[in-house]
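All remarks here apply to the structure that follows.
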Amino acid sequence: MPAIKSSCPVTSLIQSVGSGRQRRKAARPQELLEAALTLFVEKGFAATRTEEVARMAGVSKGTLYLYYPSKDELFKAVVRTHLSEVIAEGSGIVEQFEGPTSELLHLLAHTWWSRVGASKASGIMLVIITEANNFPDLIQFYMDEVVAPAHAMLTKAVQRGMDRGEFRDMDVSAVVHALIAPVHFLVLYQHCSAACSVNPVPLDPPQFMATQIELLLRGLVK
């Protein structure tokens with residue numbers, strides 16, 4: 001005689017709740033990082049308290065420490081997630097790109113803008129600038145984790161153009177700094193002008209980036 005299958009509403013409810021808890025637990029690290037990013041950018045590193053981050057993410061302070069044992073580690077995780085991963089993506093683009101290097105530089109700028117510049121993550125740079133003297137260890141981390149890899153990525157891109165005969169031979173490091181400088185200006189300008197009720201000289205970020213690269217290319221292209 002075949003077994004009769006029956007569904008138990010209570011069992012189904014327990015399974016549903018358990019599954020929901022698992023999904024919630026898996027999402028907690030990202031929720032904590034998003035809350036931390038918001039508060040770090042709005043208040044700065046020193047003024048942000050871990051209990052505020054936990055509250056914004058909807059968890060206890062103890063739960064936060066299960067994932068990130070200190071505020072320093074929380075900040076480092078924010079940087080790795082929102083900046084280091086984008087730099088790694090850019091490095092992959094440089095390795096795989098097959099077209100002209102001028103197009104590669106435009107693509108890298110577009111990728112940075114869409115992933116960082118147009119997002120809240122752009123404010124991390126302001127946190128670094130304003131609190132550099134007070135937290136030298138974190139600044140060193142930022143230099144090692146963000147500045148050095150970004151410089152290495154762009155160095156490879158610029159050197160590619162020179163090796164292929166597309167660019168004239170110039171000091172590669174100086175060219176890379178010339179590429180990075182407009183990015184810093186753009187971030188500062190955006191965040192400063194956002195505090196103004198009326199901006200008398202508005203700026204279109206994508207057009208600004210494209211123009212800066214074109215100006216640089218006129219000095220690079222043979």
Side-chain angles (χ1 to χ4, degrees), residues 27 29-58 64 68 71-72 74-90 105-136 138-143 145-151 153-154 176-216:
Q30 187 59 38
E31 291 170 351
L32 286 165
L33 292 179
E34 290 302 322
L37 173 64
T38 298
L39 290 170
F40 284 144
V41 171
E42 288 180 357
K43 302 181 66 174
F45 179 80
T48 296
R49 296 180 298 169
T50 52
E51 51 263 38
E52 294 177 299
V53 176
R55 191 182 309 119
M56 180 176 285
L64 183 152
Y68 308 106
K71 188 167 72 168
D72 284 16
L74 180 61
F75 182 79
K76 290 178 181 179
V78 168
V79 170
R80 290 189 179 107
T81 298
H82 291 281
L83 299 181
S84 301
E85 290 183 5
V86 177
I87 295 170
E89 180 182 336
L105 293 181
H106 277 289
L107 178 58
L108 291 173
H110 174 77
T111 301
W112 176 85
W113 173 251
S114 62
R115 295 286 304 281
V116 178
S119 76
K120 195 179 299 178
S122 63
I124 295 174
M125 191 189 82
L126 295 184
V127 177
I128 294 298
I129 292 173
T130 56
E131 309 208 31
N133 292 332
N134 297 322
F135 302 98
L138 286 183
I139 305 310
Q140 186 62 58
F141 165 81
Y142 183 84
M143 294 294 290
E145 189 77 18
V146 176
V147 176
H151 196 280
M153 174 192 66
L154 290 172
V176 170
H177 284 299
L179 282 167
I180 294 174
V183 171
H184 290 172
F185 166 80
L186 182 57
V187 170
L188 291 170
Y189 191 86
Q190 278 194 127
H191 285 269
C192 289
S193 62
C196 302
S197 57
V198 178
N199 183 359
V201 281
L203 179 152
D204 179 68
Q207 184 59 52
F208 172 83
M209 292 297 297
T211 300
Q212 293 301 310
I213 292 175
E214 281 301 314
L215 288 172
L216 185 67

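Atom set for the values below is all heavy atoms of this structure, side chains included, hydrogens, waters and symmetry mates excluded.
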Distance-minimising heavy-atom pair for M209 and A109: CE-CB, 4.0 Å
Between CD1 of I129 and CG of L188, what distance do you get to the nearest 0.5 Å? 4.5 Å
What heavy-atom pair brings A54 and L32 nearest, and what distance separates the two atoms? CA-CD2, 4.4 Å
State, yes or no, whether a side-chain contact exists between I139 and N133 at a heavy-atom distance under 4.5 Å. no
Rounded to the nearest 0.5 Å, what separation is found between the SG atom of C192 and the CG atom of N199? 10.5 Å
Short question: side chain of T81, backbone of V78 - any donor-acceptor pair under 3.5 Å? no
Provide the closest heavy-atom pair for V127 versus F40 in the form atom of the first, atom of the second, distance. CG2-O, 3.3 Å
Student check: side-chain heavy atoms of M56 and E34 closer than 4.5 Å: no
Qualifying residues under ring pair (Phe, Tyr, Trp, His ring centres under 6.0 Å), relative to F135, sequence neighbours excluded: F45
Could you walk me through whether F208 and F185 satisfy the side-chain contact (heavy atoms from CB on, under 4.5 Å) test, starting with their C-alpha distance in whole Å, then the side-chain angles of each, then the deciding distance to 0.1 Å, before giving a yes or no? CA-CA 10 Å; F208 172 83; F185 166 80; 3.4 Å; yes
Minimum side-chain heavy-atom gap V41-L126 below 4.5 Å: no
Any sub-3.5 Å donor-acceptor pair from E131's side-chain atoms to A46's backbone N or O? yes
For H151, I'd like to know if atom NE2 has over 12 heavy atoms of other residues, nucleotides or ligands within 6.0 Å. yes
Give a yes or no on whether the backbone of V187 and the side-chain of S122 come within a donor-acceptor separation of less than 3.5 Å. no
Check step by step if side chain to side chain donor-acceptor pair (under 3.5 Å) holds for T38 and E42. CA-CA 6 Å; T38 298; E42 288 180 357; 5.6 Å; no
In the structure I gave you, are the side-chain heavy atoms of W113 and L186 within less than 4.5 Å of one another anywhere? yes
Tell me the closest heavy-atom pair linking H106 and A210, and the distance in Å. CE1-O, 3.7 Å
Smallest heavy-atom separation, Y68 atom then A77 atom, equals CE2-CB, 3.6 Å
Residue D204 excluded, over 12 heavy atoms near CG under 6.0 Å: yes
Is a side-chain N or O of K43 found less than 3.5 angstrom from the main chain of R49, in a donor-acceptor match? no
Working to the nearest 0.5 angstrom, can you tell me the gap between E145 CD and I87 CD1? 8.0 Å
Which distance, rounded to the nearest 0.5 Å, do you find between the CG of L138 and the NZ of K71? 9.0 Å
Derivation and outcome, ring-ring contact (aromatic ring centres under 6.0 Å, His included), residues F75 and F141: CA-CA 10 Å; F75 182 79; F141 165 81; 7.3 Å; no
Mind checking whether L83 and Y142 have side chains closer than 4.5 Å, heavy atoms only? yes
Measuring only between side-chain heavy atoms, which start at C-beta, is Q190 closer than 4.5 Å to L203? no
Do you know which two heavy atoms are closest between T50 and L64, and how far apart they sit? O-CD1, 3.6 Å
Is the shortest heavy-atom distance from the side chain of L179 to the side chain of Q212 under 4.5 Å? no
